[in-house]
Amino acid sequence: ESTRIKLIGDNTVVAEITRSYNGVAIRVAPCTEDGIVIINNPAQLNLAGIIRTEAGDEVGNAMVTLTDLSTGGANGNMTTGADGMFSFNPVPAGRNYNLRPQKNINWINGVSALDLSIIQKHIVGIDTLNSPYKKIAADAFPDNSITTFDVVQLYQLLQTAVPGPPTTPQGNTSWRFVPADAVLPDLPRRLVPTFNDNLTINNLSMDSVMNNFVGVKVGQVEDNDPGFDPLNATSSGGGSSQTRSGAISLSIDDMALIEGETYELVFRAQDFQDILAYQSVLEFDPTAISFESALGGSLQNFGAANIGTHAAAEGLLTLVWFDAIAADLPNDEALFSLTFKANKNVDKLSEVIQMGDFEQLPNTAFNANNEAKDVQLVFNSATAAKAEFKLYQNRPNPFRDQTIISFSLPKSGFATLSVLDVSGRVIKTYEDQFEKGYNEIPVNSSELPSAGVLYYQLDTDGFTAVKKMVIIE
C-alpha cells in the first residue's frame with residue numbers, strides 16, 4: 001500500500017514525512033513521480049547488510065538469522081551469496097530485532113602450516129599479528145587468548161585434513177563475525193578482544209541497510225594467500241593457489257622390495273633453504289607396503305609426531321612441520337625416515353609410493369618471506385640399478401610342508417644353496433644358473449630329515465651367507 005500527495009507550486013520541497021505506527025513516529029523516505037509524492041507503507045521496512053573480510057572480500061555462504069525480539073520469535077534465515085549481502089524485506093516497523101551471522105563449513109579452507117608458523121612467531125615475540133581480527137583468527141580454542149594450545153588445535157586440523165573430515169578445534173566455528181562498527185581495543189600480545197557476534201536494532205522506524213559485519217576465518221592469518229576462498233565453495237587448504245617460487249625436493253633410494261622384509265626409507269633434503277613451514281601428503285599402495293614407524297632426522301622440531309598416521313591403513317601419511325625460525329639444511333641431509341614392511345614383492349619402490357595430490361593439504365613449503373615452494377619426491381634410480389648380494393629369511397618360518405628361500409644377486413651367475421643340520425653336515429643341495437636380482441627356491445620338508453633346526457647357506461662367486469630355519473611336525 002502507498003499514500004499519494006499532489007504537490008502544488010514549482011518550489012515545493014518535502015523535508016520530512018513521518019507517520020505514527022504502534023505509537024512510534026516513523027520517518028518515511030518518499031519518492032516523486034510526475035509531481036506526485038509516493039509514500040510507501042511504513043509498516044513494512046527493510047533490514048539488510050553485507051559481510052566482508054578485513055581485506056574487503058565478500059563472504060558468501062554465511063547464514064544470517066533475524067530474530068524479532070519484541071515477540072521472541074525468529075523471522076527467518078537467509079544465506080549470503082557471492083556478494084556477501086543479506087536482506088530481510090518486509091519486516092514490521094516499531095519492533096526490536098537481532099541479526100546474527102553464522103558459518104561453520106570447510107574448516108581447512110585457507111589454513112596452512114605457514115599460518116601456524118606466523119601464530120607461533122606471535123606467541124614467542126618474534127613478530128606480531130597486526131590487527132585484532134587476526135588475533136580472533138588465531139584464537140582457535142576460543143578463550144580470548146593466543147597460546148600454544150591454539151596452535152595444537154590448528155595443527156591437528158591440518159594433520160587430519162586428508163582424507164577428511166578433519167579434527168576441528170574445540171568449541172569454535174570455522175568463521176567468527178564482528179559488527180563492522182565495533183571498536184576493538186588494542187590489547188597485550190597474547191590477549192584477544194571480546195566482542196558481540198550479533199547486532200541489535202531497537203525500535204525500527206526506517207529502512208536499516210548498513211548492518212554490516214566483518215567475517216574472520218579461524219586459523220587464516222596469512223595476508224596474501226590466493227587459495228583462501230571467502231565464499232568457501234571449495235575445501236582448498238592454504239597455499240593451494242599461491243604462485244610458486246621454486247621447489248624443494250625430498251629424495252629417497254629406489255629399490256626392489258621383498259615380501260616380508262622391512263625397509264627404512266630415509267628422506268633427504270634438496271634445496272631446503274630458509275624454510276619456515278612444510279606440509280605434504282605421501283600416498284602409498286597399502287596392498288604392497290605397510291607403514292610401521294617414523295623417526296625424525298636433522299630438521300629441528302620434526303619427529304614422529306609430525307607425521308599423521310590416522311589414514312595409514314588407507315595408504316596416506318600427512319606430514320606437517322613449522323617453526324618460528326627458518327631452517328637451512330645442506331643437500332642430502334636426512335629430514336626424517338619412514339619404515340615400511342613389504343606385503344609382496346615389488347620391482348621398484350617408486351611404483352608404490354608417491355606424493356599425494358589433495359587440495360585440502362597441497363604439497364607446499366614456505367620460506368621466511370612467506371613465499372610458497374613446490375615439494376617434489378625424487379627417487380635415486382642409481383640405487384635401484386645397483387643390485388646387491390642378499391640372502392633373505394625363509395617364509396614361512398617355522399614351516400611344515402614347504403618354505404621359500406629367496407635371495408638377490410648383483411649379476412647373473414652360478415649359485416649353490418645348501419641345507420645343513422646343526423652339526424654342519426650338508427643334507428640337501430640346490431645348484432643352478434640364476435638371474436640378476438631377485439630369485440626364489442622352494443624347499444619341501446619331504447626332502448629333509450625330521451622336524452627341528454636346520455641352516456641354509458648361499459654360496460656364489462665372492463659371497464656366502466647363512467640363515468636358520470625350523471621344521472615343525
Side-chain angles (χ1 to χ4, degrees), residues 53 55 57-62 81-82 103-119 137 140 151 153-169 172-175 215-250 275-286 306-322 353-367 370-378:
T53 65
D57 297 317
E58 290 78 14
V59 178
N61 282 319
K103 186 174 180 179
N104 193 29
I105 59 173
N106 290 346
W107 258 99
I108 197 66
N109 180 251
V111 183
S112 73
L114 178 59
D115 293 296
L116 275 62
S117 175
I118 293 172
I119 297 171
V151 176
Q153 296 278 297
L154 295 171
Y155 175 72
Q156 291 174 342
L157 174 72
L158 290 179
Q159 269 209 331
T160 57
V162 175
T167 300
T168 58
N172 210 344
T173 54
S174 62
W175 284 79
V216 179
K217 174 64 182 64
V218 175
Q220 206 273 329
V221 297
E222 202 274 314
D223 284 319
N224 303 305
D225 181 8
F228 173 52
D229 172 24
L231 181 62
N232 264 173
T234 69
S235 56
S236 298
S240 59
S241 300
Q242 282 185 264
T243 301
R244 298 303 202 253
S245 60
I248 69 168
S249 298
L250 307 181
I275 302 300
L276 267 178
Y278 163 85
Q279 61 185 45
S280 68
V281 180
L282 279 175
E283 190 171 14
F284 61 91
D285 180 359
N306 294 86
I307 298 172
T309 61
H310 62 285
E314 302 170 51
L316 296 171
L317 296 174
T318 54
L319 289 77
V320 179
W321 170 85
F322 64 94
I353 191 169
Q354 62 184 355
M355 280 293 184
D357 182 15
F358 296 88
E359 64 175 1
Q360 306 99 303
L361 197 68
N363 302 314
T364 314
F366 301 91
N367 66 16
N370 296 356
E371 298 170 327
K373 292 177 174 288
D374 280 323
V375 177
Q376 303 168 345
L377 182 60
V378 176

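Since the structure is predicted, the reported quantities are computational estimates derived from the model, not experimental observations.
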Atom of [X], atom of [Y] and distance for their closest heavy-atom approach:
X      : Y      : answer
Phe366 : Ser112 : CZ-OG, 3.7 Å
Gly110 : Asp115 : O-OD2, 3.2 Å
Ala365 : Val375 : N-CG2, 3.6 Å
Pro169 : Ala140 : CB-O, 3.5 Å
Asn306 : Trp321 : ND2-CA, 3.9 Å
Val221 : Ala137 : CG1-CB, 3.9 Å

Stepwise side chain to side chain contact (heavy atoms under 4.5 Å, CB included) check, Phe322 with Leu276: CA-CA 6 Å; Phe322 64 94; Leu276 267 178; over 6 Å; no

Rounded to the nearest 0.5 Å, what's the gap from [atom1] on [X] to [atom2] on [Y]? Could you check?
X      : Y      : atom1 : atom2 : result
Gln360 : Leu157 : CD    : CG    : 11.0 Å
Ile119 : Gln153 : CD1   : CD    : 11.5 Å
Asn61  : Ile105 : CG    : CD1   : 4.5 Å
Gln220 : Ile108 : CD    : CD1   : 11.5 Å

Leu154/Leu158 under side chain to side chain contact (heavy atoms under 4.5 Å, CB included): CA gap, chis, key distance, verdict: CA-CA 6 Å; Leu154 295 171; Leu158 290 179; 5.9 Å; no

Answer whether the closest heavy-atom distance between the side chains of [X] and [Y] falls below 4.5 Å.
X      : Y      : answer
Met355 : Ser280 : yes
Pro165 : Trp107 : no
Asp357 : Asn363 : no
Lys103 : Val59  : yes
Thr168 : Asn172 : no
Ile307 : Thr318 : no
Ile248 : Gln376 : no
Asp285 : Ile353 : no

Evaluation steps, side chain to side chain contact (heavy atoms under 4.5 Å, CB included), between Glu222 and Asn370: CA-CA 8 Å; Glu222 202 274 314; Asn370 296 356; 4.3 Å; yes

Would you check, one step at a time, whether the test side chain to side chain contact (heavy atoms under 4.5 Å, CB included) holds for Tyr278 with Leu319? CA-CA 8 Å; Tyr278 163 85; Leu319 289 77; 3.9 Å; yes

Between the main-chain N or O of [Y] and the side-chain N or O of [X], is there a donor-acceptor pair closer than 3.5 Å?
X      : Y      : result
Thr160 : Thr167 : yes
His310 : Val162 : yes
Gln279 : Ala113 : yes

